[in-house]
Amino acid sequence: MSTIAETAPRGQARRRMRIDGWRWGGRIFLAFMLLYTALPMVWMLITSIKSGFAAMQFPPQWWPDQPTLDSYQKLLDPQNSVGQDFLRFFWNSLFVSTATTILSVIVAVPAAYAFSRFTFPGRNFLFFAVLLRNMFPAVIFLVPLFILMRAIGLVNTHGSLILTYLTFGLPLAIWLLKGFYDNIPVQLEQAARIDGATRFQAFVLIVMPLSAPGIIATAIYSFIGAWNEYIYAYTFLSKNDQLTLPVGIQRFFSENTTDFPGLMAASFMMSVPVVVLFLVLQRYFVRALTEGAVKH
């Protein structure tokens, strides 16, 4: 009996040591990934407050002797050509991303609800056909979409980008929302129908509030995808007043020299809206991913 009593605590201690080992290993891995992802942002921020000469020094100067905000002042000053272009590119990106997000949510919400609640011929085939678009790289559709946009007269317009971004943003949005609707009990809608509500009223009053995290996650995904997209914007737009930020930032490159502080400042300011949006709404995003992936 004494031997058994002595062995049990030892076994529990070994298990605790293994658990603690995995826990500390996970913490070290997360710290490494945090450093790996944060270091480029930190270096970009430091370079943006350097002078043009300090940014070109080798070996690199890790912290400038005389930090300056001239690059940010130039970008935000509508009185000079650089500031005018940057602010125009910023508002173009904001308009395209916001319009894409709104349209994506408007289309994805009823589509995902229909796939989740209704049974119709070809339902499964159509649902997986929607996801088929994301199996191929975006560049494959570049030429066909450009020919289509030119045929309908949308080249050099923001409408071409909005329609194009919907083609690869909607599939994942529909898939994400369908998983979320599958997790909402049908009995809640049935109870509302018994109380006299129509199906549409039950959807608006019952399902929509419960699916708010999924809708917010869909909006975040659509906004980030449209905000960062470069290939289609570079192909469809050629007029300076129509360019979005990912394409407009390349104006800091020239044949003879590159304004690295201005480029880093513009890149940092471009990343700020996405980072702020994700930090503010990340709890909804994580909740949508977890609840939509588990079927009760």
Side-chain angles (χ1 to χ4, degrees), residues 36-41 43-45 47-48 71-72 74-76 81-104 133-150 152 154-173 218-255 257-278 285:
Y36 178 78
T37 55
L39 187 60
M41 292 286 294
W43 179 248
M44 183 168 58
L45 179 60
T47 305
S48 69
S71 297
Y72 292 95
K74 186 186 299 183
L75 290 175
L76 298 177
S81 59
V82 176
Q84 291 175 359
D85 287 341
F86 178 81
L87 293 175
R88 186 185 302 113
F89 300 154
F90 185 91
W91 288 114
N92 288 342
S93 288
L94 187 62
F95 170 75
V96 171
S97 302
T98 303
T100 301
T101 301
I102 294 173
L103 290 176
S104 179
R133 161 63 180 84
N134 283 9
M135 293 179 60
F136 301 95
V139 69
I140 291 180
F141 302 94
L142 186 61
V143 174
L145 284 173
F146 178 79
I147 296 174
L148 175 63
M149 296 304 168
R150 186 177 61 181
I152 60 180
L154 289 180
V155 174
N156 279 322
T157 66
H158 293 148
S160 62
L161 295 184
I162 295 172
L163 291 177
T164 301
Y165 295 163
L166 286 175
T167 63
F168 58 80
L170 274 176
L172 186 59
T218 301
I220 294 174
Y221 170 79
S222 300
F223 185 89
I224 293 176
W227 182 266
N228 294 326
E229 202 282 322
Y230 174 82
I231 297 176
Y232 289 102
Y234 181 78
T235 304
F236 293 167
L237 304 177
S238 59
K239 295 181 179 179
N240 188 70
D241 59 345
Q242 297 289 332
L243 297 182
T244 56
L245 266 179
V247 181
I249 283 180
Q250 68 179 354
R251 297 299 175 92
F252 288 94
F253 293 95
S254 62
E255 184 178 354
T257 185
T258 299
D259 182 10
F260 283 107
L263 177 64
M264 293 298 102
S267 301
F268 181 78
M269 293 184 66
M270 178 182 171
S271 64
V272 167
V274 175
V275 173
V276 172
L277 181 68
F278 187 80
F285 190 75

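Between F90 and F86, the ring planes lie tilted relative to each other; the angle falls in the 30° to 60° range. The aromatic rings of F223 and W227 lie parallel to each other, their planes meeting at an angle below 30°, with 60° marking the opposite boundary.
Contact between M269 and L76 at its shortest, heavy atoms only, is CE-CD2, 3.2 Å. Here the closest heavy-atom approach between residue L243 and residue V247 is recorded as CD2-CG1, 4.0 Å. S238 and N156 get closest at one heavy-atom pair: N-OD1, 2.6 Å. For the residue pair M44 and S267, the shortest heavy atom distance occurs at SD-CB, 3.4 Å. Closest approach of A233 to T244, counting heavy atoms only: CB-OG1, 3.6 Å.
Heavy-atom contacts from other residues, nucleotides or ligands closer than 6.0 Å to OH of Y72 number more than 12. Heavy-atom neighbours of Y230 OH from other residues, nucleotides or ligands within 6.0 Å: above the threshold of 12.
Atom CG of L245 and atom CG of L94 lie 9.5 Å apart (nearest 0.5 Å). Taking OH of Y165 as the start and OG of S222 as the end, the distance is 12.5 Å to the nearest 0.5 Å. Atom CD1 of residue I162 and atom CD1 of residue I102 lie 9.5 Å apart, to the nearest 0.5 angstrom.
Between the side chain of T235 and the main chain of Y232, no donor-acceptor pair closer than 3.5 Å is present.
A side chain to side chain donor-acceptor pair (under 3.5 Å) check over residues 88-99, counting only residues at least two apart or in different chains, returns the pairs D85-R88.
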- [ ] In sequence, state the C-alpha distance, the side-chain angles, and the governing distance for E229 and T164, and then conclude on side-chain contact (heavy atoms from CB on, under 4.5 Å).
- [x] CA-CA 11 Å; E229 202 282 322; T164 301; over 6 Å; no
Task: Chi angles and distances behind the side-chain contact (heavy atoms from CB on, under 4.5 Å) call for M264, W43 - done: CA-CA 9 Å; M264 293 298 102; W43 179 248; 5.7 Å; no
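Side-chain atoms of T101 and Y221, non-hydrogen and from C-beta on, never get closer than 4.5 Å to each other. At a threshold of 4.5 Å between non-hydrogen side-chain atoms, the residues N240 and F89 count as touching.
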